[in-house]
There are 2 protein chains.
Amino acid sequence: MPRLNKAEPEKSGREMPPEELLQDLGDLFKVFGDTTRIRIMYALYEGEMSVCAISELLGMTQPAISHQLKTLKAANLVAGRRQGKTIFYYLSDEHVKSIIAAGYEHLTE
Amino acid sequence: MPRLNKAEPEKSGREMPPEELLQDLGDLFKVFGDTTRIRIMYALYEGEMSVCAISELLGMTQPAISHQLKTLKAANLVAGRRQGKTIFYYLSDEHVKSIIAAGYEHLTE
DNA sequence: TGAACATATGAATAATTGTTCATATGATAA
DNA sequence: TTATCATATGAACAATTATTCATATGTTCA
């Protein structure tokens, strides 16, 4: 395992941010790197939706959506609000939109 | 396969962008979703570097770096400039920085 | 031309991950 | 409580992917 940011600098003299941050960044983008999760986030763009409604909209099984919502929730990208039997999920903050927007701009130049 | 954006709207009445765009977005973020590629992009943040220099900086084999550079190049995130035997890679545009910055902000809130 | 260096490529392996199926948990209403 | 609806979870399978090793391509210099 390479260790950057160590006492002795690399030959290039270039500094790197802490490995942990780079790892976290990779993990975060990994969450965005799946079409199903992107579609879920897009679905929640306009407002909260229940798990059932999302699975119907995307034409996928409920467990598949639940698994992905769990991943999104662990990354603090969505949150859930319980109302009786159903749970409504929504984007947890504006970062989701700005990250997707940044990617969108790259694609459309 | 679910088809959104079709003639008959979903029951929720919610519209989705073209599937192809969502796919492209997922593919783009997938490229950012790997620690090695993130580290390469960070290394190039300050300026161009040769393949050899990158592999030394990251403590990884040259073929491993070449494979990842190919992925980054295919996504138009880096580009190469040949000078004699060596090829210097650099970030191809500012989008790389803005995407990483957007992710960074989410992590550090 | 041939040797040496830098980078790219292909095949194989190992690890990660998304989906499905079956089932469990939790909440509501009768 | 029992039945029903909504969601979560766990195991298994299939598919994707990052890395390594060996080798090929391409460039420079003698």
Show the nearest heavy-atom pair for residues [X] and [Y], with the distance to one decimal.
X       : Y       : answer
A/Val31 : A/Arg37 : O-NE, 2.6 Å
B/Asp93 : B/Asn76 : OD2-O, 3.8 Å
B/Phe88 : B/Tyr90 : O-CD2, 3.8 Å
A/Val51 : A/Ser66 : CG1-OG, 3.9 Å
B/Tyr42 : A/Leu25 : CE1-CD1, 3.8 Å
B/His95 : B/Ser98 : O-OG, 2.9 Å

Would you indicate whether the side-chain heavy atoms of [Y] and [X] approach each other to under 4.5 Å?
X        : Y        : result
B/Leu77  : B/Leu91  : no
A/Leu28  : B/Tyr104 : no
B/Leu22  : B/Glu19  : yes
B/Lys30  : A/Phe29  : no
B/Ile100 : B/Val96  : yes

Q) Can you hop from B/Leu107 to B/Ile99 via hydrophobic side chains spaced under 4.5 Å? A) yes
**Q.** Co-membership, hydrophobic cluster, residues A/Met60 and A/Leu44, 4.5 Å side-chain
**A.** yes
Q) Is A/Thr61 touching bases, backbone alone, or none of the nucleic acid, heavy atoms closer than 4.0 Å? A) sugar-phosphate
Nearest whole angstrom, please: distance from the [atom2] of [N] to the [atom1] of [X].
X       : N      : atom1 : atom2 : result
A/Glu56 : D/dA6  : CD    : C1'   : 12 Å
B/Leu69 : D/dT19 : CG    : P     : 12 Å
A/Ile87 : D/dC5  : CD1   : P     : 18 Å

Q.
What range of DNA chain C does chain A touch, first nucleotide to last, counting atoms under 4.0 Å from its heavy atoms?
A. C/dT17 to C/dT28
**Q.** Any residue meeting side chain to side chain donor-acceptor pair (under 3.5 Å) with A/Arg81, in chain and number order, not counting sequence neighbours
**A.** A/Glu48, A/Gln83
Nucleotides 10-12 of chain D: which of its N/O atoms have a protein N/O under 3.5 Å away?
residue	atom	partner	partner atom	Å
D/dG10	O6	A/His67	NE2	2.9

Q | Presence of B/Gln62 side-chain N/O under 4.0 Å of D/dC21 phosphate oxygens OP1/OP2 | A | no
Q) Looking at five pairs on each end of the helix from C/dT1-D/dA30 to C/dA30-D/dT1, what is the angle between the two axes, given to 10 degrees? A) 20°
If you restrict it to nitrogen or oxygen atoms, what contacts under 3.5 Å exist between nucleotides 27-30 of chain D and the protein, and what is each distance?
none

Q: Cation-pi check, B/Lys97 to B/Tyr45: give yes when NZ or CZ is under 6.0 Å from the six-membered ring centre and within 45° of the ring axis, no otherwise.
A: yes
Q) Does any residue of residues 24-37 of chain A have a heavy atom under 4.0 Å from DNA chain C, and if so, which ones, in number order? A) A/Lys30, A/Asp34, A/Thr36, A/Arg37
**Q.** Distance (rounded to the nearest 0.5 Å) between B/Ser55 OG and B/Leu69 CG
**A.** 9.5 Å
Q | 5' priority, DNA chain C, between A/Ala64 and B/Tyr89 [closest heavy atom] | A | B/Tyr89
